[in-house]
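Indexing begins at 1, ligand by ligand and atom by atom, following the structure's order.
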Amino acid sequence: MGTDLNESPKREVSLVLNKYEGVIKRYREFLPEIDDKHIITILEGNTPLIKARNLGKIINPDIEIYFKYEGLNPTGSFKDRGMTMAISKAVSEGSKAVICASTGNTSASASAYAARAGMKSFVLIPEGKIAAGKLSQALVHGAVVMQIQGNFDDALSITREIAKDYDVALVNSVNPFRLEGQKTASFEIVDELGAAPDYHILPVGNAGNITAYWKGYREYHDAGKIKSLPKMLGFQAEGAAPIVLNHIVKEPHTVATAIRIGNPASWQKAVAARDESGGLIESISDEDILKAYALLAANEGIFCEPASAISFAGLIKLNGRGFFKKGDVCVLTLTGHGLKDPQNAIKVSKEPIVVPCDKNSVLKAMGLK
Ligand SMILES: *Cc1c(COP(=O)(O)O)cnc(C)c1O
């Protein structure tokens, strides 16, 4: 061997300099002030921007496709970026408890960050329509989990009323600190690409994320860090597409439970992001969502939630009508990890093969005999 690790002090220094401390410290100059002593972080953010290796060739070799894989946040979704801000802010204000309504990931994130802060958390979720992984997270982090006999929109309006009258901090994305934290995903993308993409594609549920991304891009633009802005392309599930239909959907339904929302809290802001950027918001069928979900897993090794896969389903849909031109750079947010919702993965996949316990049978099953 002969190399003495002690002979390379440079390496040690750079490790110290690169120590990652979460989105608040990394992007402090663009965020509302929070005292160091109030920061609650589980080192969210800093998620990979993964270039498509195989799907580009299949879908359209003339465009560049990148996946911002937000499933690799501490609780498995982008919600952690906003939650570090919302919970830190609640700590700085002396709150002892937080409350949220959730289709799943907000409750997973809120309960984890509340646990780290030593706060109590209360979550309201729609009965029966939440993925098992997300429910398990809220429970294991010690939240008081209430299954409301209604949908997300009902749960959110009850939550808002309680937060108004009682001493519990509301950490849904109507809390402006959530969106402040979430906008850091745009910063990371630009810092990585060195420019804004031509298109940013993402799911739209309560519409907080499209609002936050657009805010992030605009702030980087105002700060002179990028010369152009991306067009924001948002997608809703066909059975839960209030913005596309331009009216509230009373009984939203879709396999993509994270975006099963009929009356988005940030509706007008999402419309503004769409129009100011020259983008669009369209809808996708559950069938096409699941096709994109399976394609991503089988061709890129990326396992995301059905709601996340709508970004890719949206790209496929637009590409099919000749939307993109040569050289276009598209960034797709994959909002949450596939392990949140393993039931859907099993449903779209082949069943495991049952094989007798001997080598020959295994070789036969492998097609080698
Ligand atoms: C919350 C969530 C969304 C929707 O984001 P909005 O900000 O509500 O539009 C999409 N996908 C996943 C996995 C989510 O957790």
Task: Distance-minimising heavy-atom pair for Tyr213 and Ser186 - done: O-OG, 2.8 Å
In terms of residue, atom name and distance, what is the protein heavy atom nearest to [atom]?
atom: atom 12 (C) of ligand 1; result: Thr335 OG1, 3.2 Å
atom: atom 7 (O) of ligand 1; result: Asn209 N, 2.8 Å
atom: atom 5 (O) of ligand 1; result: Phe78 CZ, 3.5 Å

At under 4.0 Å between heavy atoms, which part of [X] makes contact with ligand 1: side chain, backbone, both or neither?
X: Ala207; value: backbone
X: Ile259; value: side chain
X: Asn206; value: both

Under 4.0 Å from a heavy atom of [X]: which atoms of ligand 1 are those, numbered in the order shown and with their elements?
X: Glu305; value: 13 (C)
X: Ala307; value: 11 (N)
X: Val204; value: 9 (O)
X: Gly208; value: 6 (P), 7 (O), 9 (O)

Using a plain distance cutoff, I'd like to know if [X] has any nitrogen or oxygen under 3.5 Å from a nitrogen or oxygen of ligand 1.
X: Ile261; answer: no
X: Lys79; answer: yes
X: Asn105; answer: yes
X: Gly205; answer: yes

Task: Expected output: side-chain Asn172 to main-chain Ala101 donor-acceptor under 3.5 Å - done: yes
Open item on the list: Can a side-chain donor-acceptor contact be found between Glu44 and Tyr113 if the only test is distance below 3.5 angstrom?
Closed with: yes
Task: Thr47 and Lys68: side chain donor to acceptor below 3.5 Å - done: yes
Fit a plane to each ring of [X] and [Y], take the angle between them on a 0 to 90° scale, and name the class: parallel (under 30°), tilted (30 to 60°) or perpendicular (over 60°).
X: Phe303; Y: His337; answer: perpendicular
X: Tyr27; Y: Tyr220; answer: perpendicular
X: Phe30; Y: Phe187; answer: tilted

TODO: Run through Glu305, Glu70, Lys79 and flag the one making a side chain to side chain donor-acceptor pair (under 3.5 Å) with Asn105.
DONE: Glu305
TODO: Take every heavy atom of Ser173, measure it against each atom of ligand 1, and state whether any distance is under 4.0 Å.
DONE: no
Open item on the list: Does atom CZ (Arg28) have a neighbourhood of more than 12 heavy atoms from anything else shown, all under 6.0 Å?
Closed with: yes
Task: Pairwise distance CZ(Arg116) to OG1(Thr41) - rounded to 0.5 angstrom - done: 7.0 Å
